Amino acid sequence: MRSDPCGLLRRADVGRTVQLGGWVHRSRDLGGLVFIDLRDRTGLLQLAFGPAWSAVEVQQLAASVGVESVILCEGEVVAREPERVNPEMGTGEVEVRVTSFRVVGPAVTPALPVARGRGEKMPAEELRLRHRYLDLRRPELQENLVLRHRLLQVSRRFLTDHGYLELETPILTKPTPEGARDYLVPSRVHPGEFYALPQSPQIYKQLFMCCGFDRYFQIARCFRDEDLRADRQPEFTQIDIEASFIERQDIMTLAEGLIGSMWREAGHHDVPTQFERMTYADAMEFYGCDRPDLRYELRIRDYSSVFASLDFAVTKTALANGARVRGVVLPGGGAWSRKQVDELEALAKGAGAGGLLRLRKADGEYDGPLAKFLTDDAKAALALNDGDLALFVAAADRISSPALDRVRQECARRLELIDDKAQRFLWVLDFPMFEEDPETGALAAVHHPFTAPHADDMAAYPDEPARWRALAYDVVLNGTELGGGSIRTSDPATQSRMFALLGIGDAEEQERRFGFLLEGLRAGAPPHGGIAFGFDRIAMLLSGAPSLRDVIAFPKTTAARSLYEGAPVAVPAEDLAQLHISVRESRAGNIRE
RNA sequence: GGGGGCGUAGCUCAGUUUGGUUAGAGCACUCGACUGUCACUCGAGAGGUCGCGGGUUCGAGCCCCGUCGCUCCCGCCA
C-alpha cells in the first residue's frame, strides 16, 4: 500500500516511483497547478499536481480534497530546481509528481487547526484536550511522544544491560493510610471492601528483593488522588528501581548512568559522569530549599552575629527567642522601586514570614529602617557594595528558609542570573529521617517509613529520632527534582521501631497494615535500596514542553477530568448496587460518592 | 479548601474603560479566478445562545449576583 513514509524522501530517491499515504496538511491551488503538503509522523512532503503528468480527474480531486483527509497516491520523485528548494522542509529538495490519487479517509473540517501559521497562537487547552485526536496530529506533540518512546527504550536498554529485570507489580493493591490519597476501587465479590491503585510499587519492589530477584526495574504507572499542577497529574509514570547488596553509592552511580543515557538520547552530550553533592542541611542553610537551583548563587547567609550587636527591636526580640537573622544580598537590587521590593515582601509573607527587612546601599550611604542602627562594625561585616539591596528575615529557620527561597528565586529571575543553557545536576543527601509537627510534636517520615536511618545517628542519639539522618537521596536538576530514593530498612525489628516512632506502635496494627512487608523481611532480607524517577517530568524537561500534558498522550485537566472521553462519569444505579455502593447527593445536587 | 487569570464566529482575538443603531478583524470554511506555490495570491459569500442562569435598566457582550469550564498558584502531594 505504501512504499515510503513521506517525510524521509531525499534527493537520492529522485527517479523512483513511490506509493504514499498520509494526511493533507495544507494545499495550494494555483489553478493549473495544485500543491499538497502531505504529512505523516516522519514529516512533510510536497505533492505536485499538473496537467503534464496528472490526469484531469486526479487534478480535480487534489484541488477539492479537504485538509486532514487521509489520501493514498502514487507518483515519481523529482528534484526541485534550485530556486524552488524549500530549506525549511526535510524533504525540501524533492517533490512527488502525482499520477494516481485516492481519498481513503475524508475529513470533516477540523474543529481546531493542525497546521498553524507562523506566529499563530495555540488553541485553548480545553479545546486541545477535547479534540485530542487532532491535537496529537501536531508535529510538536508527535515529536514529544516519539522522544518519550526513545527515552523509555534507552532506559530499558540501560537497566537491562546492567542486569536489572523488568518485573510487574499489581495495579489493584491495598489502600495505604499514609501519604497521598488513594484512588479506591470497589470489590464486587467482597461487599464493602476496596482495592487501591498504587501510589508507587514501593513495598512490592522490596519484596522482590526479599525474593532474591536482586535487581529490579519497572516503568510503573502510579496514581495519587491529589490536586493537580502543570507538573502534576493524578496518573503518572515513574522509572522504579531497586537492588540488593548495594550501598547508597551504587544506586547513585547507576542513576547517574541512567540519566546520562537519557540526556544523551535527547541530544545533551555534556552530562557529567558524577553529579555534584550537597547535604540537606547545607541546601536548607544556603538555598532555603531541599532542591536548590545551582545555576545562580544568591546564597542565604546567617547575619545573626551582626544583628546581635544592634539596638534594633525586631531583630533583638527574634534573636532573644532563639531565632536567627538570615538574608540575601542582591547586587543591583538597590535600583528596584518600593513597589518591586514590596512584591518580594509579599512572596516572603506568602511563605509565612512576618516581613522582610530591607537595607540598601547607594553612593556609600545606607537606606532603610535599619540604616540608623548600623554600627561601623556591622557595616564592615555586611560588606555591601553600592547598588546592593540586602533582605533579611528574622525568624525560626522553618519560616525563614521557605521565605528566602521564594525571594531569591524571584530575584534570580529579575536579575537574569539564570543561564537557561546550563544543566546543574545535584544530589541532595542526608535528609532528616523524620520531621516534627511544630504543634503536636508528632513525627512524620520525610521520605517514607521504609527508609533506613544512618546507623551512627541512631547510635549517637538513640532517644532523639528527630536528629537522625536518613540514607535518602534526591537527584535535582536546576531546581527540579528528577527522582529520589533511599537505602531501606532490611531489619524487621528496626522497621517495626520506625512504625512505632511514626505512631503505629501496636504490633497487631503493624501486622494488619504492613504485615506482608514485615513477613518478607523476617523471612530473610538482603540489604537493599533503590530510587524512582518521575518519568513524565523528565520527558517534559527534555522535550522543552511547558506542561506535563504535552508529554502525556491523554492527560487529565486540573480538575482531574478527561475531556476527550468524558471521565469520570456517574454510573447507573444497578452497576453501583452490584458494587454494594450507595451514592448520596451533595449540597449542589450533584451526584457524589 | 483558598487566591489570581481567561471564556465573544470552527480557531486566534478586538470590542467591556464611560451601557446606546444591524457585535468586528485575521485564519479556517463555501463559491469564483489563477501553471511553481510552499502561511500562495486576488474577488465574493456564509458563519454569533457574547460560557450558563438570574438581576438592575427604556436599553446589557459591557454593570451586579450566582454558577460552570479551562488555566496558574497556595494548601495538599509518606
Side-chain angles (χ1 to χ4, degrees), chain A residues 25-38 44-54 59 63-64 66-68 78 80-81 83-89 91-92 95 97 108-131 134-135 176-182 199-200 202-203 222-234 236 346-347 349-352 402 406 431 433-435 443-451 470 472 481 484 486 498-499 502-504 534 546-547 549 556-559 561 563 588-590:
Chain A
H25 189 66
R26 237 195 287 270
S27 64
R28 296 171 290 282
D29 179 358
L30 274 61
L33 287 174
V34 177
F35 298 98
I36 288 178
D37 291 339
L38 189 65
L44 292 173
L45 170 72
Q46 175 163 280
L47 305 179
F49 302 78
W53 61 87
S54 311
Q59 293 180 65
S64 65
V67 290
E68 294 310 316
V78 299
R80 297 200 199 184
E81 291 171 31
E83 66 273 18
R84 292 185 188 148
V85 164
N86 183 344
E88 288 174 21
M89 260 184 182
T91 58
E95 65 186 15
R97 298 201 163 167
V108 297
T109 302
L112 45 88
V114 175
R116 270 187 313 143
R118 274 196 271 281
E120 193 178 321
K121 282 194 184 173
M122 204 88 95
E125 187 95 33
E126 182 177 358
L127 294 161
R128 293 179 49 202
L129 292 173
R130 199 178 299 288
H131 304 288
L134 289 172
D135 198 35
T176 51
E178 287 85 19
R181 275 185 284 268
D182 288 320
Q199 295 180 32
S200 95
Q202 181 63 34
I203 292 181
C222 304
F223 307 85
R224 291 179 191 173
D225 188 5
E226 296 291 345
D227 287 349
L228 283 73
R229 288 282 190 284
D231 61 352
R232 228 159 65 190
Q233 283 274 311
F236 59 98
L347 285 176
K349 285 183 173 172
R406 288 189 197 179
F431 281 75
M433 186 66 211
F434 302 104
E435 62 190 348
L443 295 181
V446 168
H447 188 56
H448 57 55
F450 318 113
T451 298
E481 183 189 334
S486 64
M498 291 301 143
F499 289 141
L502 291 166
I504 317 168
S547 161
R549 292 184 295 272
K556 304 287 186 284
T557 68
T558 49
R561 285 191 174 280
L563 295 183
N590 297 328

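Keep in mind it's a predicted model, so treat the numbers as computed, not measured. Below, read A as the first sequence line, B as the second, and so on, with proteins coming before strands; counting in each chain starts at 1.
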Quickly work out the A/Leu30 CG to B/C42 P distance and round it to whole Å.
13 Å
Whole-Å gap separating P (B/C34) and CD (A/Gln59):
13 Å
Is the closest side-chain heavy-atom distance between A/Arg26 and A/Leu44 below 4.5 Å?
no
Work out how far the C1' atom of B/G5 is from that of B/G43, and round it to whole angstrom.
41 Å
Just how far, in rounded Å, is P of B/G10 from CE of A/Met122?
21 Å
note: A/Gln46, atom CD; B/C40, atom P; distance rounded to Å ~ 10 Å
In Watson-Crick or G-U wobble terms, both distances under 3.5 Å, what is the partner of B/U67?
B/G51
How far does the P atom of B/G47 sit from the matching atom of B/C6, given to the nearest Å?
31 Å
Using atom NE2 of A/His131 as one end and atom P of B/A28 as the other, report the distance to the nearest whole Å.
19 Å
Looking only at side-chain N and O atoms, does A/Lys121 come under 4.0 Å of OP1 or OP2 in B/C13?
yes
Mind checking if A/Glu95 touches a base, just sugar-phosphate, or nothing, with heavy atoms under 4.0 Å?
base
Roughly how far, to the nearest 0.5 Å, is the CG atom of A/Leu127 from the CG atom of A/Leu563?
9.5 Å
Report yes if at least one side-chain N or O of A/Arg26 is closer than 4.0 Å to OP1 or OP2 of B/C40; otherwise report no.
yes
Under 4.0 Å between any heavy atoms, over every strand shown, what does A/Leu502 touch: base, sugar-phosphate, or nothing? Just pick one.
nothing
B/C31 and B/C73, which share atom name C1', separated by this distance in whole Å:
50 Å
With a 3.5 angstrom cut-off on both distances, give the Watson-Crick or G-U wobble partner of B/C76, or none if there isn't one.
none
Whole-Å C1' distance, B/G10 and B/U16
24 Å
Give a yes or no on whether the backbone of A/Lys556 and the side-chain of A/Gln233 come within a donor-acceptor separation of less than 3.5 Å.
yes
Regarding A/Asp225, tell me which of base, sugar-phosphate or nothing describes its non-hydrogen contacts under 4.0 Å with the strands shown.
nothing
Between B/G69 and B/A25 - P atom distance, rounded Å
34 Å
Is there a Watson-Crick or G-U wobble partner for B/C27 with both distances under 3.5 Å, and which nucleotide is it?
B/G10
Pair A/Arg28 + A/Asp37: basic N to acidic O under 4.0 Å:
yes
For A/Cys222 and A/Ser200 the tightest heavy-atom approach is SG-CA, 3.8 Å
Between A/Phe434 and A/Val446, the two heavy atoms sitting closest are C-CG2, 3.6 Å
Sub-3.5 Å pairs of nitrogen or oxygen atoms, protein against nucleotides 70-78 of chain B:
from, atom 1, to, atom 2, distance (Å)
B/C70, OP1, A/Thr557, OG1, 3.1
B/C70, O4', A/Glu126, OE1, 3.4
B/U71, OP2, A/Thr558, N, 2.6
B/U71, OP2, A/Thr558, OG1, 2.5
B/U71, O3', A/Arg549, NH2, 3.3
B/C72, OP1, A/Arg549, NH2, 2.8
B/C73, OP2, A/Ala230, N, 3.4
B/C74, OP2, A/Arg229, NE, 3.1
B/G75, N7, A/Arg229, NH2, 2.9
B/G75, O6, A/Arg229, NH1, 3.1
B/G75, O6, A/Arg229, NH2, 3.4
B/G75, N1, A/Asp227, OD2, 2.8
B/G75, N2, A/Asp227, OD2, 3.3
B/C76, O2', A/Glu226, OE1, 2.7
B/C76, O2, A/Arg232, NH2, 3.1
B/C76, N3, A/Arg232, NH1, 3.3
B/C76, N3, A/Arg232, NH2, 2.7
B/C76, N4, A/Arg229, NH2, 3.3
B/C76, N4, A/Arg232, NH1, 3.3
B/C77, O2, A/Arg232, NH1, 3.0
B/C77, N3, A/Arg232, NH1, 3.0
B/A78, OP2, A/Arg224, NH1, 3.3
B/A78, O4', A/Gly179, N, 3.2
B/A78, O3', A/Ala445, O, 2.9
B/A78, O2', A/Ala445, O, 3.0
B/A78, O2', A/His447, O, 2.3

Heavy-atom nearest nucleotide on RNA chain B taken for A/Arg130 and for A/Pro110; more 5' hit belongs to A/Pro110
Round to a whole Å and report the spacing from CG of A/Leu112 to P of B/G10.
13 Å
Can you tell me how far P of B/G26 sits from CD of A/Glu120, to the nearest Å?
14 Å
Return no unless some side-chain N or O of A/Arg28 is found under 4.0 Å from OP1 or OP2 of B/U37.
no
Charged N to carboxylate O under 4.0 angstrom, A/Arg549 versus A/Glu125?
yes
State, with a plain yes or no, whether a side-chain heavy atom of A/Thr451 is found less than 4.5 Å away from one of A/Met433.
yes
